[in-house]
Protein chains: 2
Amino acid sequence: MTEKTTARPATRRGPYAKSAQRRAEIVASATAVFAARGYRGGSLREIAKQLDLSLTAVVHHFPSKDALLVAVLENADSANTDTFEADSRDKGVAYAVLRYVRRNLERQEMLRLLALMAAEASTPDHPAHEWFRDRYERVVSGLTTAVRRDQDEGRISNGRHPELIAAALVALWDGLQLQWLIDPRRDLVAGVSAGLEDLLGDPAIGSLQQ
Amino acid sequence: MTEKTTARPATRRGPYAKSAQRRAEIVASATAVFAARGYRGGSLREIAKQLDLSLTAVVHHFPSKDALLVAVLENADSANTDTFEADSRDKGVAYAVLRYVRRNLERQEMLRLLALMAAEASTPDHPAHEWFRDRYERVVSGLTTAVRRDQDEGRISNGRHPELIAAALVALWDGLQLQWLIDPRRDLVAGVSAGLEDLLGDPAIGSLQQ
DNA sequence: GTCTATACCCGGATAGAC
DNA sequence: GTCTATCCGGGTATAGAC
């Protein structure tokens, strides 16, 4: 495959066009493998095999397994953050969180991977450490803004420091998610909406659960 | 080393006396290694070397690395649960949780290991899965009882289903702990006590923080 | 029962040829 | 960019010494 009929195109349209596509393919394959077998269980060889490549070809694009993982996480996370922003601005934090939770119920394995990696990357020497540090800081600070807005607009009654509320919300979500991943019989939505009521002080949230 | 001066004691005081001690030594060594290098990073060979044993000697006592891990977790967890029970019965949930948190601030690596393993063991096929399933069920149900007692005695004002409150408390603790493990600059005690106030509805908690 | 030695297979990483 | 070949370290299974 990849016959080198044109050793070099006259218009040197960047030697990286193909590389970028390969990288995307590898990330997609890795996402599938990691989600199915976990990070530990999934091997680079399996990822390579899925694309009819050799192990070293994969390694060439991503110097290490960890680097590949970071790419996977970055790619997986970007999609959902945007809609959350819009939702919270539009209908308040409680609505945005609940919708985020419901949307995530269908990508259980992706959540598992994120949860696993967050714990693993908690040590400062882990390759994905900085990424998770930044991610949590970004999420909490974004949520802090949203909470403050809800307070100003009178949508919630809890007047505590917005940052403390935001951190507690993220913690509640992470924690209940973990319990749900371990035992899917638990009702994640019910747990989150109950916690939202208590943490935000908005008795009207129950109506959003339906 | 380990000269066998007395090949066999005259009084056959159980052939397992030595074994039990060895097992305890191995668990201690494994705890140290796992806590330092993580479960993935720590190897059985390193654990064995720390005790001047061969790899297969370790395997003899614990048939697999996972079995050893379960033993480590069981050992690490048992100590702290008892005092929590007594505290909550005596001075209420809020006090017990805060004391539990403060006591755990000093065993950061142990908490990291527990958090990591909980995420890893969330998949049903993991060797430690059942253990974590049971553990969370045990913790939540114990906390449910404590919350109900606080409600009955008028120590807290939140009248919601005790089980929902208990699950939220555990989630809050797990989640804030994770954020703290990733970024130790976060004030874990402040976060937990703020969350406790909102989840339990007891304005007097602040005084416990000091 | 307790331990050692050896070997096997799989994983990630690296070097060098095309 | 991609390959083949090789290295090293990991968990595991087996045979056998005391």
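Since the model is a prediction, treat every value here as computed from it, not as a measurement. Per chain, numbering begins at 1; letters A, B, ... match sequence-line order.
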- Item | Protein-nucleotide distance (A:Ile47, atom CD1; C:dA13, atom P), rounded to Å | 11 Å

- Could you check which of C:dT4, C:dT14, C:dG12 has an atom nearest any side-chain atom of B:Ala57? C:dT4

- Message: Of the listed nucleotides (D:dG11, C:dC3, C:dA13), which one gets closest to any side-chain atom of B:Ser43?
- Response: D:dG11

- Task: Side chain of B:Leu53 only, please: which of D:dT4, C:dC3, C:dT14 is the nearest?
- Result: C:dC3

- Message: Of the options D:dC3, D:dG11, C:dC3, whose atoms approach the side-chain atoms of B:His60 most closely?
- Response: C:dC3

- Item | Whole-Å gap separating P (C:dC10) and NZ (A:Lys65) | 15 Å

- Do the numbers put A:Lys65 on top of the ring of A:Tyr39, so that NZ or CZ is under 6.0 Å from the six-membered ring centre and no more than 45° off the axis? yes

- Query: Looking only at side-chain N and O atoms, does B:Arg40 come under 4.0 Å of OP1 or OP2 in D:dG10?
  - Reply: no

- Protein-nucleotide distance (A:Asp52, atom CG; D:dG1, atom C1'), rounded to Å: 16 Å

- Can you tell me how far C1' of C:dC3 sits from CZ of B:Arg22, to the nearest Å? 9 Å

- Task: Take atom CD1 of A:Ile26 and atom P of C:dG12, then tell me their distance rounded to the nearest Å.
- Result: 14 Å

- Message: What is the separation between atom CD on B:Glu46 and atom C1' on D:dG11, rounded to the nearest whole Å?
- Response: 15 Å

- Item | Separation of atom CZ in A:Arg37 from atom P in C:dG11, rounded to whole Å | 10 Å

- Which part of the nucleic acid, if any, lies within contact of A:Gly41, taking any heavy atom under 4.0 Å across all strands shown: a base, the sugar-phosphate backbone alone, or nothing? nothing

- Give a yes or no on whether B:Arg89 atom CZ has more than 12 heavy-atom contacts from other residues, nucleotides or ligands under 6.0 Å away. no

- Message: At less than 4.0 Å, is any side-chain N or O atom of A:Ser19 found next to OP1 or OP2 of D:dG1? Yes or no.
- Response: yes

- Of D:dT2, D:dT12, C:dA13, the nucleotide closest to the side chain of A:Leu44 is C:dA13

- Query: Counting only distance, no hydrogens or angles, is the base of D:dT4 paired donor-acceptor with the side chain of A:Thr56 under 3.5 Å?
  - Reply: yes

- Task: Please check if atom CD in B:Glu25 has more than 12 non-hydrogen atoms from other residues, nucleotides or ligands closer than 6.0 Å.
- Result: yes

- Picking from D:dT4, D:dT12, C:dT14, the nucleotide nearest the side-chain atoms of B:Leu55 would be D:dT12

- Message: Whole angstroms only, please: what is the CZ-P distance between B:Arg23 and C:dG1?
- Response: 12 Å

- Message: Determine whether A:Asn104 and A:Trp173 satisfy the following criterion, side chain to side chain contact (heavy atoms under 4.5 Å, CB included), listing intermediate values before the conclusion.
- Response: CA-CA 11 Å; A:Asn104 277 198; A:Trp173 159 241; 4.0 Å; yes

- side chain to side chain contact (heavy atoms under 4.5 Å, CB included) partner of A:Ser122, the single match among B:Leu111, B:Leu181, B:Asp183: B:Leu181

- Most 5' of B:Arg45 and A:His61 on DNA chain D, judged by nearest nucleotide: A:His61

